[in-house]
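Reckoned from all heavy atoms, side chains included, excluding hydrogens, waters and symmetry mates. Order of the sequence lines sets the chain letters (A, B, ...), proteins ahead of strands, with each chain counted from 1. In this text, all values refer to a predicted model and were calculated from it rather than measured experimentally.
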Amino acid sequence: MPELPEVETLRRQLAPELVNRRVLDAWGYLPPKFDQAPAAVGARFGAVQRLGKYLVAELSGGRELVLHLGMTGKLSVPTTSQWAPGPYTRAWWQLDDGRTLVFDDTRRFGRLAVVDAGDYTGLPTLAALGPDPFDPDLDGEVLWRALRRSSARVKTQLLSQRPIAGVGNIYADEALWRCGVHPASRSVTRAQASALLDALRAVLAAGISHGGTTLRDYRTLEGTSGENQDHLDCYGRAGHACARCASLLRSRVYDGRTSTFCPTCQRQRPAR
DNA sequence: GTTGCGTCCTGGACGC
DNA sequence: TGCGTCCAGGACGCAA
C-alpha cells in the first residue's frame with residue numbers, strides 16, 4: 001500500500017528515467033481508471049513530482065500525467081523488446097529510448113489521468129490535498145487549525161489527505177502511537193498537534209530512508225522490497241507488547257479502517 | 001457542508 | 001486437497 005515514503009522512493013528512481021523521454025505509443029486498460037494513458041502519446045516527459053501519494057509527471061504541451069498506485073500498483077521501466085504485458089498490466093507507455101514505462105495493478109485500486117497542468121478537478125482528493133508533511137511553512141499550529149475544522153476522528157482526518165498529504169494507514173498508526181494520541185480522538189490540543197506533526201515527519205522520514213514499507217505488494221522501480229516493515233512499532237502488531245509500556249497493543253475498526261494502538265499510551269480525549 | 005458507510009477489487013489466510 | 005468466507009485498504013459516491 002504505497003504511502004508517501006513508498007511514492008517518494010519511486011519518484012526518486014523514476015525521475016531520471018523519464019525526463020526528456022518522448023512517448024511513442026501507449027495503451028490503457030478499460031475505462032474509467034486507466035484509459036487516458038494514450039493521451040500522453042507524442043508528449044515529452046519533464047520533471048516528476050510527488051503530491052501526497054500521487055506521482056505527477058510533466059508533459060510537453062502544458063499537460064501532466066497523474067498516477068496513483070492505489071494499494072497494489074507497481075511501476076517498472078523494462079526494455080521494450082524484452083517485455084510483454086502481464087495479466088495485471090493496466091497501462092504502458094513506450095519511450096523513445098527503447099524502454100517502456102509499465103503500470104501493473106492487481107486490484108485495480110490505482111488510477112491515472114492526463115490533465116492540463118494543475119487542473120485536478122477530476123481527482124477530488126488531489127484537488128483538496130493538504131500541505132506536504134515536509135513543507136517548511138507547515139507547523140503544529142497550522143495542523144492544529146486544520147484538524148480543528150472537523151469533528152471527525154483524528155485518524156480518519158489524516159487518511160482523508162485534507163489536513164496533511166501522503167499519510168495512509170501504516171504511517172498514521174505509527175505516528176499516533178509515537179505521539180500518544182488515540183486514533184479515535186475527535187479533538188487534539190495544540191501540543192498534541194505539534195507532537196503529531198513531529199511524529200509524522202519522523203516516521204515518514206524513516207520510511208523514506210528504509211526504502212518504503214513492503215508488507216506484500218510494494219516494490220521499488222527495480223522490483224526490490226523496502227525495509228521499513230522491520231522498523232514498525234505499532235501497525236499490524238495487535239496482541240504484541242507495546243515497546244514503550246509493555247501493554248498489549250489493540251486493534252479496532254474505526255470508520256471502516258483497522259487501527260492498531262496502545263490502550264495505555266494512547267488515551268482517548270473527550271470530544272470537544 | 002459534514003459525516004460515515006458502502007463499493008470497488010483480488011490474493012492470501014483461515015476454517016471446515 | 002478443495003471449497004467457501006473473510007480480510008486488507010485508498011478513493012470516491014451517496015445518503016442522512
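The salt bridge (Lys or Arg N to Asp or Glu O under 4.0 Å) test applied to K53(A) returns no partner, not counting sequence neighbours. Shown here are the side chain to side chain donor-acceptor pair (under 3.5 Å) partners of T260(A), two or more places apart in sequence or in another chain: there are none. Residues satisfying the side-chain contact (heavy atoms from CB on, under 4.5 Å) test with A43(A), not counting sequence neighbours, are L59(A), S60(A), R63(A).
Candidate nucleotides dA11(C), dG9(C), dT3(B) were compared by shortest atom distance to the side chain of K53(A), and dA11(C) ranks first. Taking every side-chain heavy atom of Y88(A) into account, dT10(B) is the closest of dT3(B), dT10(B), dA8(C). In the set dA8(C), dT10(B), dT3(B), dT3(B) carries the atom at the smallest distance from any side-chain atom of R186(A). For Q161(A), the listed nucleotide lying nearest its side chain is dA11(C); candidates were dG4(B), dC9(B), dA11(C). When the nucleotides dA8(C), dC9(B), dA11(C) are ranked by their closest atom to the side chain of R108(A), dC9(B) comes out on top. When distances are taken from the side chain of D255(A) to each of dC5(B), dA8(C), dT3(B), the shortest belongs to dC5(B).
If you take CG of L158(A) and C1' of dG9(C), they are 16 Å apart, rounded to a whole angstrom. Rounded to whole angstrom, the span from the CG atom of D104(A) across to the P atom of dG11(B) amounts to 13 Å. Rounded to a whole Å, the CD atom of E3(A) is 13 Å from the C1' atom of dA8(C). Atom C1' of nucleotide dA8(C) and atom CG of L69(A) are separated by 17 Å, given to the nearest angstrom. Whole-Å rounding puts the R153(A) CZ to dT2(B) C1' distance at 14 Å. Distance, I170(A) CD1 to dG10(C) C1': 12 Å, rounded to whole Å. We find that CZ of F109(A) is positioned 8 Å from C1' of dT10(B), with the value rounded to whole Å. In this entry the distance linking CG of L112(A) with C1' of dA11(C) reads 15 Å, nearest Å.
Sorted by first then second residue, the salt bridge (Lys or Arg N to Asp or Glu O under 4.0 Å) pairs that include residues 110-137 of chain A, not counting sequence neighbours, are R50(A)-D132(A). Under the salt bridge (Lys or Arg N to Asp or Glu O under 4.0 Å) criterion, the residue pairs touching residues 240-255 of chain A are R153(A)-D255(A), with sequence neighbours excluded. For the ring pair (Phe, Tyr, Trp, His ring centres under 6.0 Å) condition, the pairs that include at least one residue of residues 35-64 of chain A, sequence neighbours left out, are Y54(A)-H68(A).
For H68(A), no side-chain nitrogen or oxygen approaches OP1 or OP2 of dG10(C) to under 4.0 Å. The side chain of T72(A) contributes no N or O atom lying less than 4.0 Å from OP1 or OP2 of dG11(B). Using a 4.0 Å cut-off, no side-chain N or O of Y171(A) falls inside it from OP1 or OP2 of dG9(C). Between T156(A) and dG4(B), a side-chain N or O to OP1/OP2 separation shorter than 4.0 Å is absent.
Across all strands shown, T258(A) has heavy atoms under 4.0 Å from sugar-phosphate atoms exclusively, and none from any base.
Checked for salt-bridge contact, E17(A) and R21(A) miss the test: no charged N lies under 4.0 Å from a carboxylate O.
Taken over five-pair windows at either terminus, the axes of the helix from dT2(B)-dA16(C) to dC16(B)-dG2(C) are inclined to one another by 50° (rounded to 10 degrees).
Side-chain contact annotation: T100(A) with T80(A), donor-acceptor N/O pair under 3.5 Å present.
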For residues 23-40 of chain A, which side-chain N or O atoms pair as donor and acceptor with protein atoms under 3.5 Å away, sequence neighbours left out?
from   : atom 1 : to      : atom 2 : distance (Å)
Y29(A) : OH     : R108(A) : NH1    : 3.3
K33(A) : NZ     : R108(A) : O      : 2.7
Q36(A) : OE1    : V114(A) : N      : 2.9

Which atom pairs link the protein and nucleotides 12-16 of chain C when you take only N or O atoms and keep those under 3.5 Å?
from    : atom 1 : to      : atom 2 : distance (Å)
dC12(C) : OP2    : T125(A) : N      : 2.9
dC12(C) : OP2    : T125(A) : OG1    : 2.1

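In this structure, C245(A) and C262(A) have side chains that are in contact, with non-hydrogen atoms separated by less than 4.5 Å.
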